[in-house]
Asker: 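The structure under discussion is supplied below as structure tokens; questions concerning it will follow.
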Amino acid sequence: MNKENETRLSKLTGDNQENLTYSDLCFLLKNDKKLRGLIPGILEDKDDKPPDIKPTPAAPAQPPSSVNVPAQQSLQQMLAPEWELLELVQSDAELKKDFLGDHNESDERQLVRLIAMAAQWNTVELLWDKLAARCKAKKEPATQKERGILDGCLKIYNITLTSNKATLTPVECDVKYNCEQYDRVDGKGDYIEKVLLPGIINASGLLCKKQLIVTNPPSESHLWQGFFSSK
């Protein structure tokens, strides 16, 4: 060590030294044997070692859901009438076989099949014919379940239309029989006693299926109405 460095080292290690620069510290580490002797002890001091922190394992990544839950719930609510229609068809053995077949499918797949079938006009007409055959055989009105199936299928078909809709004819009782509007299943009178099955008016406004009705002879009130109307 030259004389200049010796002088610098003496000043830096003196008692009056207060502020050391980075250059001074490097100089001391290189040239001060006493300071260099302290370094191994500092490195071996366990209390000065930083704490051993183990990294927290990352949570396993969850696969993204293929269907947004709120959107799925909204779709279920939107298709509630179609789900109800499917349950009605499934509860009718004959109609279930005709419209859903013998396929071993999930309810979701059967719903798609039912909607695809009901969206066709010939399916609506075929369904009406089957229900009409039942009513004629029993001479009784269609059940609430049968009416629900017919109404539900007609609503699905109407979704395919952009303007006019097909409708069921209004049920009218105690009115005079007209062969152009009604199909009499039983009875000998001229007045409608009950409607077994409503007819169908297509999207063009034409009556394509007549109401099935049962007639009775005119009541006393009808006779009086006819008497006064003839005056």
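Along the sequence shown, residues carry numbers from 1.
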Asker: With a 4.0 Å cut-off on N to O distance, would you call Lys209 and Asp129 a salt bridge?
Answerer: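 Yes.
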Asker: If you draw a 6.0 Å radius around NZ in Lys176, do more than 12 non-hydrogen atoms from other residues or ligands fall strictly inside?
Answerer: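 No, NZ of Lys176 has 12 or fewer neighbouring heavy atoms, counting only those of other groups under 6.0 Å.
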Asker: Of all residues at least two apart in sequence or in a different chain, which pass the side-chain hydrogen bond (donor to acceptor under 3.5 Å, both in side chains) check with Arg113?
Answerer: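 For Arg113 the side-chain hydrogen bond (donor to acceptor under 3.5 Å, both in side chains) partners, ignoring immediate neighbours, are Glu105.
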Asker: Does any N or O in the side chain of Lys139 come within less than 3.5 Å of the main-chain N or O of Leu196, such that one atom is a donor and the other an acceptor?
Answerer: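 Looks like no, no N/O pair under 3.5 Å.
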Asker: So, for Met78 and Pro81, which heavy atoms are closest and what is the spacing to 0.1 Å?
Answerer: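 Nearest pair, atom of Met78 first, then Pro81: O-CD, 3.7 Å.
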Asker: Would you call Lys130 and Asp98 a salt bridge, using N to O less than 4.0 angstrom?
Answerer: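 Yes, this pair counts.
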Asker: Going by atom types only, do Glu87 and Trp83 share a side-chain donor-acceptor pair under 3.5 Å?
Answerer: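 No, Trp83 and Glu87 have no side-chain donor paired with an acceptor closer than 3.5 Å.
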Asker: Might you confirm whether atom CD of Gln144 has over 12 heavy atoms from other residues, nucleotides or ligands at distances under 6.0 Å?
Answerer: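 Not buried by this count: 12 neighbours or fewer within 6.0 Å.
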Asker: Among all residues two or more places apart in sequence or in another chain, which pass the salt bridge (Lys or Arg N to Asp or Glu O under 4.0 Å) test with Lys96?
Answerer: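 For Lys96, no residue satisfies salt bridge (Lys or Arg N to Asp or Glu O under 4.0 Å) once neighbours in sequence are set aside.
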Asker: Please report the closest heavy-atom contact between Leu212 and Cys135, naming both atoms and the distance.
Answerer: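 In terms of heavy atoms, the two residues are closest at CD1-CB, 4.1 Å.
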Asker: Which pairs pass side-chain hydrogen bond (donor to acceptor under 3.5 Å, both in side chains) with one or both residues in residues 148-161, sequence neighbours excluded?
Answerer: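 Applying side-chain hydrogen bond (donor to acceptor under 3.5 Å, both in side chains) to every pair that reaches into residues 148-161, excluding sequence neighbours, yields Asp151-Lys155.
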Asker: Okay, side chain of Gln211, backbone of Pro170: is any donor-acceptor separation there less than 3.5 Å?
Answerer: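 Here the side-chain-to-backbone pair exists.
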Asker: Under a 3.5 Å distance rule, please check whether Trp121 uses its side chain to pair with a backbone N or O of Asn202 as donor and acceptor.
Answerer: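 No; judged by distance alone, with no hydrogens or angles, the pair does not exist.
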Asker: Using modelled atom types only, decide if a donor and an acceptor are shared between the side chain of Thr215 and the backbone of Ile192 within a distance under 3.5 Å.
Answerer: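 Not a single qualifying donor-acceptor pair exists.
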Asker: Whether the side chain of Glu146 engages the backbone of Thr143 through a donor-acceptor N/O pair (distance < 3.5 Å, no angle test) should be reported.
Answerer: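 Judged by distance alone, yes, a pair lies under 3.5 Å.
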